[in-house]
Protein chains: 2
Amino acid sequence: MLFTEKEYETRVKKTKKRMEAAGVEVLIATHPANMNYLTGYDGWSFYVHQCVIISLDQDEPVWIGRNMDGNAAKVTTFLSEENIRNYDDDYVHSPVGKHPIDFVVDVIKDKGWEDKIFGVEMDQFYFTHKTYQILNDSLPNARFKDATFLVAKVRAIKSAQEIEFMKRAGKIAEKVMQTGIDAVNVGVRECDAAAEISHAQISGTDEFGGDYPAIVPLMPAGDGIDAPHLTWSDRRYKENEPVILELSGCYNRYHAPIARTVYLGEAPKRMQEITDLVIEGLDETLDFIEPGVTCEAVEEKWRNSIAKGGLVDASRLGYAFGLNYPPDWGEQVASMRPKDKTVLKENMTFHLIPIIWQDDIGFEMSSAIRITENGCEEFYDFPKKLYTK
Amino acid sequence: MLFTEKEYETRVKKTKKRMEAAGVEVLIATHPANMNYLTGYDGWSFYVHQCVIISLDQDEPVWIGRNMDGNAAKVTTFLSEENIRNYDDDYVHSPVGKHPIDFVVDVIKDKGWEDKIFGVEMDQFYFTHKTYQILNDSLPNARFKDATFLVAKVRAIKSAQEIEFMKRAGKIAEKVMQTGIDAVNVGVRECDAAAEISHAQISGTDEFGGDYPAIVPLMPAGDGIDAPHLTWSDRRYKENEPVILELSGCYNRYHAPIARTVYLGEAPKRMQEITDLVIEGLDETLDFIEPGVTCEAVEEKWRNSIAKGGLVDASRLGYAFGLNYPPDWGEQVASMRPKDKTVLKENMTFHLIPIIWQDDIGFEMSSAIRITENGCEEFYDFPKKLYTK
């Protein structure tokens, strides 16, 4: 177990408080990050249906998953054996219509929860429409409310140990970005640079090993510079092309994302100007951030700062992040953008990632921060500049 | 574009044929593998809502995704610009209830499809209940049918070029597994072995670069040997412990999964016996496989073969695989297990992965195959044996 039993108990208690406020008696958490957060469960088993259930009338959560993953639940969670419930392998991708959620329904009935008000994660990728259909059809006396962000909102404020994990991820991120900048060179295949980066991410530092980030290295380059979610091919880098590296360090599923831009040759003058404007804007914005400020105010600060130099950021400035699994390290509960009125609190964590496309130039540079008692601090120490080579 | 326009047209034609047979007029494909298969679209953008729509009354599919990913759609697909439809960034994780599926509804109305019979992937992880709810509420005259496996069933039979991609993935898999066996040693941190493996996966061979597999290296070891979906930690390997390596080569999103077991020391006698029984059973089963045979018959052959030596395989023997994205390289449409009556056809592809837990021993060894005209062939040439060191 990575955290103390007491820390898991606190998380469950906070979740129950939110459940009460939302009028939810039983919560079904299907997102792997929520399952991990509430019980410690870890494992690449989220390609089959699984969940953690929290009921107001029971202390411990219940983990439900595939038989062979019950062993991982025993190793990684604090749960007693009666609250680890495994379904047989013939529920998995069944040719005769058996469905893992049928088994979840059985557990719910066994626990006497069939008439309760349920919270389910209606817009999370690990909660399919079919899951809802089966629950709804099999539990005619139950009611269902949307709890897509219920646990994510608890996750948004990190504990001291979570922050420590993210600082370690930050140390890994420093090594990862330096590896990436060193690896990207004219004549090198994109895949070979990506391989070096991935090696650095997973091996981590001598002190603490790395984990797989929830997103693979994103490294748009050359003609694809304006397609930020392209990965890599076996194309070779050419002279005079830009390469964006959006990477992350990861420690025990906690992230520290970082983006920098490299130019293979002498950078166009406008690119250096954009870099300077972004650095100035980021610095002004970081200075502005403190508890009590809203996400939309942070974005406004940023927008006004870069507007002085004629820049426009086409997408949100940043988003909450932390503990996560593929396909996203973002927490989706708060973004620095217009109309997001989330008030910043101590130990919230954000990835600020300016993305500029202008005058045929693509540019990214980011900062991953923790809100402190009276400001913010970055998770890594990596020079903000345009890297040319 | 990785395939010819003609190949994409053939895929769309086959999909439309299945749509007609299923009484579906408009198909909404949300699974990233289906989106790639039907249009070529590639990119790590599947953490936001996106889809490909195929309508019987239009030749070309329509790609719908986030603004910044429209650029990747232009680079990677054969679609004309009018069929690449981008939604603005303020639809992404909106704080004021804007939802990307609202935009999908707008496109559907724009195309005049609002009264059609729709097929949607009700039990795919990229199709949330909320997606269904919005479609259903916004299109009162539409009808919705479950098309979870409609495209996956087309994907199940591979073209010549797809097989060639999988053979290249097989070449990468050979290198990857050798790297893994070499890296795993007493005193080595698990994360450092995983880093070497990932490096080999992504860099590929000198001839062709690797891609990220849909599943990270799975490497249960020691006390966790019975938890097959554990990844790695910074624990150091000890003497006299078993290590299972379940890995894959990947080329342009096409996989070649491979599993082998390593023992760090002199293996227990029973482990060598289990290895011999599994090899014999696998060889007998591979000899038995040919077009016309059912999946359940293949599993029965396997079960009977290992039963002679007193072995039981607790999970399905194998599953269809090919083109895919996280969280799974399996295709979910066919498994080698009791009651699966899928009839094998030429150019179907399966991963046969015996998993044995018996007498405190955990053991895996696998084979990735293509069904040939009159038998089957493996995608890689890697000795089946127990690796001791």
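Each chain gets a letter, A, B and so on, in the order the sequences are listed, and its residues count up from 1.
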Open item on the list: For a side-chain contact (heavy atoms from CB on, under 4.5 Å) check, start with the C-alpha distance between A:I202 and B:D192, then their side-chain angles and the critical distance, and finish with the verdict.
Closed with: CA-CA 7 Å; A:I202 296 176; B:D192 290 323; over 6 Å; no
[X], part contacting chain A, at a heavy-atom distance under 4.5 Å:
X      : result
B:Y132 : side chain
B:D90  : backbone
B:A214 : backbone
B:D123 : both
B:Q133 : side chain
B:H49  : both
B:R235 : neither
B:I101 : neither
B:A314 : backbone

What part of [X] is in contact with chain B, defined as an atom under 4.5 angstrom from a non-hydrogen atom: side chain, backbone, both or neither?
X      : result
A:W232 : side chain
A:V216 : both
A:A334 : neither
A:T30  : neither
A:I197 : neither
A:D226 : both
A:Y212 : both
A:V48  : backbone
A:F149 : neither
A:Q124 : backbone

Could you check which of [options] has the highest count of heavy-atom pairs closer than 4.5 Å to chain B?
options                       : value
A:G209, A:G210, A:S198, A:P95 : A:P95
A:L218, A:T231, A:T131, A:V92 : A:V92
A:H99, A:E296, A:K341, A:E190 : A:H99
A:A227, A:S233, A:P338        : A:A227
A:S315, A:G43, A:G330         : A:S315

Counting neighbours of [atom1] on [X] that are heavy atoms of other residues, nucleotides or ligands and sit closer than 6.0 Å, is the number greater than 12?
X      : atom1 : answer
A:D360 : CG    : no
A:K153 : NZ    : no
B:D137 : CG    : yes

Open item on the list: Tell me if a side-chain donor or acceptor on B:R316 pairs with a main-chain N or O of A:H93 at a distance below 3.5 Å.
Closed with: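 Checking the backbone N and O of A:H93 against the side chain of B:R316, no donor-acceptor pair under 3.5 Å is found.
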- [ ] Without swapping roles, check the side chain of A:W44 against the backbone of B:D328 for a donor-acceptor pair under 3.5 Å.
- [x]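 Looks like no, no N/O pair under 3.5 Å.
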Distance in Å, [X] [atom1] paired with [Y] [atom2], rounded so as to fall on 0.5 Å steps:
X      : Y      : atom1 : atom2 : answer
A:D234 : B:N252 : CG    : CG    : 7.5 Å
B:H229 : A:F46  : NE2   : CZ    : 10.0 Å
B:Q201 : A:C191 : CD    : SG    : 13.0 Å
B:S203 : A:H199 : OG    : NE2   : 11.0 Å
B:F125 : A:T128 : CZ    : OG1   : 7.0 Å
A:I225 : B:N71  : CD1   : CG    : 11.5 Å

Open item on the list: Let's go through B:M68 and A:W357 carefully: what are the C-alpha distance in whole Å and the side-chain angles of both, what is the deciding distance for side-chain contact (heavy atoms from CB on, under 4.5 Å) to 0.1 Å, and is it a yes or a no?
Closed with: CA-CA 10 Å; B:M68 62 170 75; A:W357 295 303; 3.5 Å; yes
Open item on the list: For B:F127 and A:H129, take the angle between the two ring planes, folded into 0 to 90°, and tell me which bin it lands in: parallel under 30, tilted 30 to 60, perpendicular over 60.
Closed with: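 Correct class here is perpendicular.
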- [ ] Quick one: which of B:T76, B:I215, B:V120 has the most heavy-atom pairs under 4.5 Å with chain A, could you say?
- [x]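 Sorted descending by pairs with chain A, the first entry is B:I215.
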Open item on the list: Heavy-atom pairs under 4.5 Å with chain A: which of B:T148, B:D42, B:D211, B:D146 has the most?
Closed with: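 With the most close heavy-atom pairs to chain A, the winner is B:D211.
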Task: Shortest non-hydrogen contact between B:Y47 and A:P327, atoms and distance - done: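 Residues B:Y47 and A:P327, closest heavy atoms: CB-O, 3.4 Å.
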